[in-house]
Amino acid sequence: MRSGEIKGEIKALTGLRIVAAVWVVLFHFRPMLSDISPDFRENLAPVLNCGAQGVDLFFILSGFVLAWNYLDRMGRSWSARATLHFLWLRLARVYPVYLVTLHLAALLVILSLHVGHEPLPEVGSLTAISYVRQILLVQLWFEPFFDGTSWDGPAWSISAEWLAYLLFGALILVIFRMKLATRARTLMVLAFIAQLPPLVLLLTSGFFYTPWSWLPRIVTQFVAGALACAAVRRLDLSERARRVVGYVSLLLLVATVGLIYLLDTYPISGVLDSAGVVDMLFVPLVITLAVGLGSLPRLLSTRVMVYGGQISFCLYMVHELVHTTWGWAVLQFRLTPWESDSPWKWNVIGLMAIALAISSLMYHCVEEPARRWMRRMVDVRPATTKIESVESANAKLHQIDGALEAVSARAV
């Protein structure tokens, strides 16, 4: 085993999660940036306007991380028990926060109905059918567009990921065998190709969001992430090579931002959402961050960034609630944050701080305790095992007592 072999948690990818989450948050908060300075928002507009691509980065990361953790455990042979165990652990990871934010969104709508004069427009989506679908994580499966499918906006992507989780048991069998039979370089090429179908649809239709476009996004990008993981598993690089790859990851990040600005200045003819093309750099970015050392991987592996990655799911799920609450308050209390002398001019900074504080609180009080509780449900050992352990321990004690008596007898 060479010193450059990768093992355990890849902290740089954990840190990348908070980057993706903040990108999505700023995408939704971008109208409020004009309250601070129109020029400030104008200068950042190309990056902010394509912040929804952060969801695609999440899909790729999800496929990679799950394959990283389960490739050897589930890839060798099919096991219904192992698959059900995997699905339960995925529920333990996402469902508690998902349920809490679902009901907080419902509470906010109910509050707007009974307080003041500005009910939220989401009132029309609060039906028994939509509630049951959300509880079962299938609300997106019946709709061509994700807008308005969930009471809490970001929950649509969790419904999409749940579909990927259900397919994972079969997918990992294929990925495992591809890893055994395919070189790392070929797997990287396959991972790159796997993420392209949404981009092909973009270039042919001119729009990133078309009917049912969410389906190829989650399936192909999730598969691309899993293939990228298989490629990384095949690599065995020296420490020097991994440091070079670390600098490549930094160049890829710079190239991503540069491409966004380039496509904003020179959009592809006939394509409205030209910046969506940056998705093609996500798989190379994830691979280089997973393999690389120093520079960008080191920055993303710092304690602050890793903690940010740990609370990123909570931030992703709660930020739109904070945004919606603020929007309702502006209408309800007739606030004017866009005026130059308004005390609410810096509202976006306060809302970001509130969203981060709630995310941290939810991570420690909901996500982690609930996840451990649900994990214990499937990790409980049968009572007979405990009884056998006690009997075995008693037998050993009897043997020790007998030996001590024999020694005592010889001593006498």
Side-chain angles (χ1 to χ4, degrees), residues 6 9-21 23-24 52-75 82-83 86-87 89-94 137 140 154 156-180 182 184 186-200 213-235 249 252 276 278-291 300 309 312-313 316:
I6 306 165
E9 178 191 4
I10 305 177
K11 292 184 178 181
L13 296 186
T14 303
L16 183 62
R17 292 181 61 86
I18 189 60
V19 176
W23 197 12
V24 175
Q53 310 309 128
V55 177
D56 301 292
L57 183 53
F58 269 124
F59 289 160
I60 293 171
L61 279 170
S62 182
F64 186 103
V65 172
L66 290 180
W68 183 263
N69 290 321
Y70 290 96
L71 188 61
D72 293 326
R73 281 188 276 176
M74 293 178 60
T83 301
F86 162 79
L87 291 173
L89 293 184
R90 294 317 300 160
L91 277 179
R93 175 70 176 82
V94 303
L137 293 162
L140 184 63
W156 73 266
S157 63
I158 310 305
S159 179
E161 287 226 8
W162 180 239
L163 176 62
Y165 298 159
L166 292 175
L167 299 175
F168 184 77
L171 172 66
I172 201 65
L173 296 173
V174 178
I175 299 295
F176 181 82
R177 281 149 185 80
M178 291 180 69
K179 171 190 172 260
L180 295 179
T182 314
T186 304
L187 287 168
M188 291 181 192
V189 173
L190 291 174
F192 182 82
I193 294 173
Q195 68 173 344
L196 294 181
L199 302 183
V200 173
S213 62
W214 63 266
L215 187 55
R217 286 176 71 190
I218 178 59
V219 173
T220 62
Q221 290 166 351
F222 189 87
V223 170
L227 285 169
C229 171
V232 170
R233 286 286 196 187
R234 291 281 307 205
L235 291 173
S249 70
L252 281 170
V278 299
D279 278 16
M280 67 180 181
L281 297 178
F282 289 164
V283 163
L285 178 64
V286 168
I287 291 175
T288 52
L289 285 174
V291 176
L300 293 175
S312 61
F313 176 61
Y316 177 73

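Quantities reported herein were computed from a predicted structural model and do not represent experimental measurements.
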Short side-chain to backbone donor-acceptor contact, [X] and [Y], under 3.5 Å:
X	Y	value
R233	W68	yes
T182	K179	no
S312	A21	no

Look up atom [atom1] in [X] and atom [atom2] in [Y], then write down how far apart they are to the nearest 0.5 Å.
X	Y	atom1	atom2	answer
L171	M178	CG	CE	9.5 Å
T220	I193	OG1	CD1	12.5 Å
Q221	F282	CD	CZ	8.5 Å
L13	I287	CG	CD1	10.5 Å
L89	Y70	CG	OH	4.5 Å
L163	L137	CG	CG	11.0 Å

Could you tell me whether the side chain of [Y] reaches within less than 4.5 Å of the side chain of [X], counting heavy atoms only?
X	Y	value
F176	D72	yes
F222	L66	yes
I60	L285	no
V286	V232	no
L87	L91	no
F313	I158	yes
R73	F86	no
L57	L16	yes

request  = Evaluate the side chain to side chain contact (heavy atoms under 4.5 Å, CB included) criterion for residues W214 and S157: first the C-alpha distance (whole Å), next the side-chain angles of each, then the deciding distance (0.1 Å), finally the verdict.
outcome  = CA-CA 9 Å; W214 63 266; S157 63; over 6 Å; no
I need the minimum non-hydrogen distance between [X] and [Y], along with the two atoms involved.
X	Y	result
L173	G75	CD2-O, 3.5 Å
A228	A191	N-CB, 3.7 Å
S249	T288	CB-OG1, 3.2 Å
Q53	V278	CG-CG2, 4.4 Å
C229	A67	SG-C, 3.5 Å
G169	I172	O-CG2, 3.5 Å

key: Non-neighbouring partners of Q195 that pass side chain to side chain donor-acceptor pair (under 3.5 Å), sequence neighbours left out   =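 Expected list: none.
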Listed partners of Y165 passing side chain to side chain donor-acceptor pair (under 3.5 Å), at least two apart =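 With sequence neighbours excluded, Y165 shows a side chain to side chain donor-acceptor pair (under 3.5 Å) to R90, E161, given in chain and number order.
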message = With side chain to side chain contact (heavy atoms under 4.5 Å, CB included) as the criterion, how do R234 and T186 come out once you've worked through the C-alpha distance, each side chain's angles and the decisive distance to 0.1 Å?
response = CA-CA 11 Å; R234 291 281 307 205; T186 304; over 6 Å; no
request  = Quick one: list whatever passes salt bridge (charged side-chain N to carboxylate O under 4.0 Å, His left out) with R217, sequence neighbours left out.
outcome  =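 Per chain and number, R217 pairs via salt bridge (charged side-chain N to carboxylate O under 4.0 Å, His left out) with D56.
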